[in-house]
Amino acid sequence: MAPSRAAAYMAASTLLAMTQGFGLNLVAANIPQLQGPFGATSTEAVWLMAAYMAPNASLSLMLIKIRNQYGLRPFAELGIAVFLVVSVLHIFITDLQSAIVLRFFAGIAAAPLSSLGFLYMLEAFSPARKLTVGISLALTNIGLAAPLTRVISPTLIELGGVRALLHFEIALAMLSFSAIYLLPLTPPPRVKVIERLDFLSYLFIAVGFGAGAVILVTGRTYWWLEAQWIGELLVVMVAALTIAAVIELNRKSPLIDLRWLFSREMLHFTAVLILFRLMLAEQTAVAGNFFQINGLLNDQLTGLYGFVALATAAGGLVCAAVLKPGREPGLHMVALLLIGCGAFLDSHATNLTRPEQMYLSQAMIAAGGSLFLPPAIASGFTLALRKGPQYILSFIVVFLVTQSLGGLAGSAIFGSFITLREKFHSNILAQTMTLADPLVAARVSQLSAAYGHTIIDPAVLKAEGVALLSQQVTREANVLAHNDAFFVIALLAVGAAIALAIHRIAVRIREASTRVGGEAAVEG
């Protein structure tokens, strides 16, 4: 492929990744801004995310087989056409119920875009570089979508409100529609791979994954043990996935090879990806929420997310330049140390910490994320290819589940952890607050003094000072809870780095003993 044409395919890949990523992060980055136009509370607005993720979490699984059987070109054209139609329909919605329904179909329509973004990037490179440079740049595009959404959202809202976000999404969909028609992908040979039982298996998988996505998105808001429907949905998820597993285990040509997925190598690979997603929740679920709790708005965080985007791009380019077979452990070690150091720096935050103080730490975490994922995916893909082409689909399932549901799980786990730790620190701080303490009494008097000209009753004035002090205690408890979350993530990263070092030492010892044994056998 000529360099100019390869550059065009890389640009198309970036465009498709941004289109899919902007749709995915549109709601998560702008929930407060969406509440007003739709007349929704923050609790109700969360359903916009749940509706999008419910079908999106599993649909790529079936789309891979559809693409293999019916051809890549029709798959790409139909997928982007449906996405464009759904994007246009967003303009006409004015109520929350319609928005939730439309976000559900947006999640369906966006599923092909992630696959197309990968394929367009890989198309630009020779086979020798697809699993090194190609996969590094493709994953970097995916990582860039979240911070760039938060960078441009405040400007768009300032220009035209929430409608400007929807118009921008339509513009990206139209550009992607044109790119797909102008730049066709090399069609792979069509193979009849779809069987009747695939639809039955996928139905139960979709129900299970969809229920899991809804639980993870809404569980922290409604709280896990308070809403009965969360438990009922959990039962539906377990039952659906159990039925799907029974069907797949008794098929000659399963949609997903569960026996291989539960092998030692794949369990290790899955654990690595899940751990990675948990650690990256530091940026999405912890750092962003920290500034939101402290009263900062999206337009005050654009500089921070700009640095995150630059660090993500830099990490991806470095990974593309140095990634080769055998270098995966070294890249993983560097990535884990960057994430660990960044999270540890963040764990010293105070209520005076502002985005500028986190530029370095968040950039380190973003660069670590870009360095970690491409080597892991390349090694997993190579492992699947060694087993045979039929195992590629099972590998893709692991990747999709760990990235979509794993990302939701990371946000849910650390969000719940922060809530629990905030209650703990609030109790500890409240126990030390008594009006018999001269310092506390002086602080109450200082806080209530601002209302001294408008409140005459001393008892009411004192109660107002106590209420203001209680707000400050809650704020400090939130800061301490976020610091605990930062520190736990740092410990996870350091622990993973130590485990990786021990594993590499054990592998070297085993290889050395095997080599010595072989030499002894030759001499004998």
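Because the structure is predicted, anything quoted here is derived from the model rather than measured.
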_More than 12 heavy atoms from other groups under 6.0 Å of CZ on Arg129_ =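 12 or below, so no.
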*asked:* Pair Leu144, Met18 - check side-chain contact (heavy atoms from CB on, under 4.5 Å), show working.
replied: CA-CA 8 Å; Leu144 281 172; Met18 293 301 109; 3.9 Å; yes
Should [X] and [Y] count as side-chain neighbours, where that means a heavy-atom distance under 4.5 Å?
X: Leu352; Y: Gln357; answer: no
X: Phe209; Y: Leu241; answer: yes
X: Met53; Y: Leu216; answer: no
X: His482; Y: Asn289; answer: yes
X: Tyr120; Y: Leu15; answer: no
X: Phe125; Y: Met10; answer: yes
X: Phe486; Y: Phe344; answer: no
X: Met121; Y: Tyr9; answer: no

_Checking Leu301 against Gln292 for the side-chain contact (heavy atoms from CB on, under 4.5 Å) test, could you report, in this order, the C-alpha distance in whole Å, the side-chain angles of both residues, the deciding distance, and whether it holds?_
CA-CA 10 Å; Leu301 301 176; Gln292 185 178 354; over 6 Å; no
Looking at every non-hydrogen atom in both residues, tell me the closest pair between [X] and [Y] and how far apart they are.
X: Ala313; Y: Thr140; result: CA-CG2, 3.9 Å
X: Pro374; Y: Cys319; result: CB-SG, 3.7 Å
X: Thr132; Y: Ser136; result: O-OG, 2.7 Å
X: Ala376; Y: Leu273; result: CB-CD2, 4.1 Å
X: Gly21; Y: Thr149; result: O-OG1, 4.1 Å
X: Glu422; Y: Ala477; result: O-CB, 3.6 Å

Inter-residue atom distance [X].[atom1] - [Y].[atom2], 0.5 Å rounding:
X: Gln20; Y: Ser176; atom1: CD; atom2: OG; answer: 10.5 Å
X: Thr350; Y: Glu476; atom1: OG1; atom2: CD; answer: 8.0 Å
X: Leu331; Y: Lys324; atom1: CG; atom2: NZ; answer: 12.0 Å
X: Ile365; Y: Ile489; atom1: CD1; atom2: CD1; answer: 7.5 Å
X: Ile339; Y: Ser361; atom1: CD1; atom2: OG; answer: 12.5 Å
X: Ile215; Y: Leu234; atom1: CD1; atom2: CG; answer: 5.0 Å

Closer than 3.5 angstrom, by distance alone: can the side chain of [X] be matched with the main-chain N or O of [Y] as a donor-acceptor pair?
X: Ser347; Y: Asn483; result: no
X: Glu248; Y: Ala245; result: no
X: Ser370; Y: Thr312; result: yes

_As a quick check of understanding, evaluate side-chain contact (heavy atoms from CB on, under 4.5 Å) for Tyr359 and Leu304, giving each step before the final call._
CA-CA 6 Å; Tyr359 280 177; Leu304 174 65; 3.8 Å; yes
_With side-chain contact (heavy atoms from CB on, under 4.5 Å) as the criterion, how do Trp223 and Thr419 come out once you've worked through the C-alpha distance, each side chain's angles and the decisive distance to 0.1 Å?_
CA-CA 10 Å; Trp223 202 245; Thr419 300; 4.1 Å; yes
*asked:* Just to verify, which of Phe424, Phe414, Phe417 counts as forming a side-chain contact (heavy atoms from CB on, under 4.5 Å) with Asp484?
replied: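 That would be Phe417; it is the only one of Phe424, Phe414, Phe417 passing the side-chain contact (heavy atoms from CB on, under 4.5 Å) with Asp484.
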*Leu233 pairs by side-chain contact (heavy atoms from CB on, under 4.5 Å) with which of Val214, Thr218, Val238?*
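Checked Val214, Thr218, Val238 against Leu233; only one passes side-chain contact (heavy atoms from CB on, under 4.5 Å): Val214.
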*Restricting to pairs with a member in residues 106-119, which pass salt bridge (Lys or Arg N to Asp or Glu O under 4.0 Å), not counting sequence neighbours?*
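Qualifying pairs: none.
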